[in-house]
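Below is one structure, written out as structure tokens; the observations come after it.
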There are 2 protein chains.
Amino acid sequence: MQRSSGTPLYKKVFEELKSKIDSGLYKMGDLLPSENELCKLYFTTRPTVRQALNDLSNLGYIVRQHGKGSIVSEPKNGLGILSLKGSTAGVGKHNLKTAIITKPIKQAWPESFEFELTPEEKEAGSIYLSRLRYVDGLPTLFEETYISNIDLPRFTLHNLEKNSLFETLKNYHDVEVKEGEQKIWAIEASKDLAEMFNIKAKKPVLHMKRRLKTNKKNLFIYSFLYCNTQDFFIQDYF
Amino acid sequence: MQRSSGTPLYKKVFEELKSKIDSGLYKMGDLLPSENELCKLYFTTRPTVRQALNDLSNLGYIVRQHGKGSIVSEPKNGLGILSLKGSTAGVGKHNLKTAIITKPIKQAWPESFEFELTPEEKEAGSIYLSRLRYVDGLPTLFEETYISNIDLPRFTLHNLEKNSLFETLKNYHDVEVKEGEQKIWAIEASKDLAEMFNIKAKKPVLHMKRRLKTNKKNLFIYSFLYCNTQDFFIQDYF
DNA sequence: TAGTGGTCTAGACCACCCC
DNA sequence: GGGTGGTCTAGACCACTAT
């Protein structure tokens, strides 16, 4: 089976199992097929299916129990916006809607930037956009994104209301998001932020600064997130 | 080599490499020995060393670059208290000191508890302790811990100032911490908390509620953490 | 071209859980 | 006892990086 298409087999297994859980085909408490059964289903071997199952376990979709099997977990109550592994943000059983506050525009990098930029990035400048995300109708997540403006022709023309940022990057520009790093603080909401979130100024807000690598050298994605944790919380497995 | 002692070989490789990085034997920018060289060093095969290298990569100790090698990363500025993988909290290049605020005492579970308890746990009651942790001398982390009081004879007698909680559990009670789940909020500091942290009340504080599994059935560790992010931040890799 | 990490095969033994 | 996941062996081919 050795990777005839471009995507690794373990990712395919991961995606299929994930979508079967998301769609409710496997419900909470169900046992997934055993590793050996999955091997037969996908014509592969245990290390490969184990890589997929490990990823599912890290995202909290399953719990693996020695001697028993892989048990499907309860849908999350929280927002799985930590530990995103290249895929789009997970919001568990909640609905996510996105409003573009600032359409993508080319601009120079901010004067002082949290992360160190390579000379090539500085030279190329950035593409900036900002989005407000509603969870179950409540404004919960404000995200400012800077992308190194490298090899992204006509990027500012995309309609990001309909398509996810990561999917747009992958489908139109062959950019795949890989690993990343993030820093987290609790801060006071600024006046503008409080207004967006419909809370009082100076209320606590969760703040994240994040740097994502891609498959392109020098092309990074920087995200500055603000999360209102009055109504929701962030959830994470490890 | 097949596990003569109790600990898996990949963990041994992980621990040795980690300590060589921590001690400065491998410095930032250095290349670790290649996977094949590590295989020879530890008389094992690639999947095993890869498991160790993956764990190091997830903790931000190294960056793995295709075609080049495993590059030692810069020591973290932030606190690695997310994504602890069974080991004790990582504080990067900072110093950590711990003061016991409440010595371990047996008590019933609180009336309303964030996590669901098994009947066996409810029956057994809990052991409670609380600690204040100083990072570089600054009070930064307040941690309340509840442990299911199952098979932990004379636990309340331990001196936890000197020994880490996880090591005590492992060495004296054969309890190993495994995977976990955590929830995160930004909240206002209570009066007591603000006093401990030497900040004003109602200032934003990062709050985590965490449930850790162990190798013993029904024995869980619950941690309620409060982190002052005025001087430090939390850092995470994925 | 040589060496690296990324993916994968085809087996194996063990510890743990359930019946 | 039979099946499960946890760990491990001993190879293989591929894609990427450096030279």
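Sequence lines set the chain letters: A, B, ... in the order given, protein chains first and strands last, and positions in each chain run from 1.
With the nearest nucleotide of DNA chain C identified for both Gln65(A) and Arg64(B), Arg64(B) has the one nearer the 5' end.
Of the side-chain N and O atoms in Ser34(A), none sit less than 4.0 angstrom from OP1 or OP2 of dG3(D). Note on Tyr10(A): a side-chain N or O is less than 4.0 Å away from OP1 or OP2 of dT7(C). The phosphate of dT9(D) has OP1 or OP2 within less than 4.0 Å of a side-chain N or O from Thr44(B).
If you measure from atom CG of Leu38(A) to atom P of dT4(D), you get 10 Å, rounded to the nearest angstrom. Asn215(A) has its CG atom 10 Å from the P atom of dT17(D), to the nearest Å. Taking atom CG on Asp30(A) and atom C1' on dT4(D), their separation rounds to 17 Å, with Å as the unit. If you take CD of Glu35(B) and C1' of dT7(C), they are 11 Å apart, rounded to a whole angstrom. Rounded to a whole Å, the NZ atom of Lys40(B) is 17 Å from the C1' atom of dT9(D). Between Leu31(A) atom CG and dC18(C) atom C1' the separation is 12 Å, expressed in whole Å. Remark: C1' of dT7(D) and CG of Leu53(A) are 15 Å apart, rounded to the nearest angstrom. What separates CG of Asn36(B) from P of dA12(D) is a distance of 12 Å, to the nearest Å.
Among the atoms of the strands shown, only primed sugar atoms or phosphate atoms (P, OP1, OP2) are found under 4.0 Å from some heavy atom of Lys217(B).
In this view, Leu31(B) and Ile71(B) satisfy the side chain to side chain contact (heavy atoms under 4.5 Å, CB included) rule, not counting sequence neighbours.
To the nearest 0.5 Å, atom CD of residue Glu15(A) and atom CG of residue Asp55(A) are 9.5 Å apart.
Contacts between residues 45-52 of chain B and DNA chain D, defined by a heavy-atom separation under 4.0 Å, are made by Thr45(B), Arg46(B), Pro47(B), Thr48(B), Gln51(B).
Ring centroid separation for the pair Tyr128(B) and Trp109(B) does not come in under the 6.0 Å cut-off. Checked against the 6.0 Å centroid criterion, the rings of Phe113(A) and Tyr146(A) qualify as a close aromatic pair. The distance between the ring centers of Tyr61(B) and Tyr237(B) does not fall below 6.0 angstrom.
When the nucleotides dT4(D), dG5(D), dT4(C) are ranked by their closest atom to the side chain of Glu37(A), dT4(D) comes out on top. When the nucleotides dC16(D), dC8(C), dC8(D) are ranked by their closest atom to the side chain of His66(B), dC16(D) comes out on top.
Using a 4.5 Å heavy-atom threshold, the side chains of Asp22(B) and Lys18(B) count as touching.
Annotation: salt bridge (charged side-chain N to carboxylate O under 4.0 Å, His left out) contacts involving residues 36-49 of chain A, sequence neighbours excluded, comprise Glu35(A)-Arg46(A).
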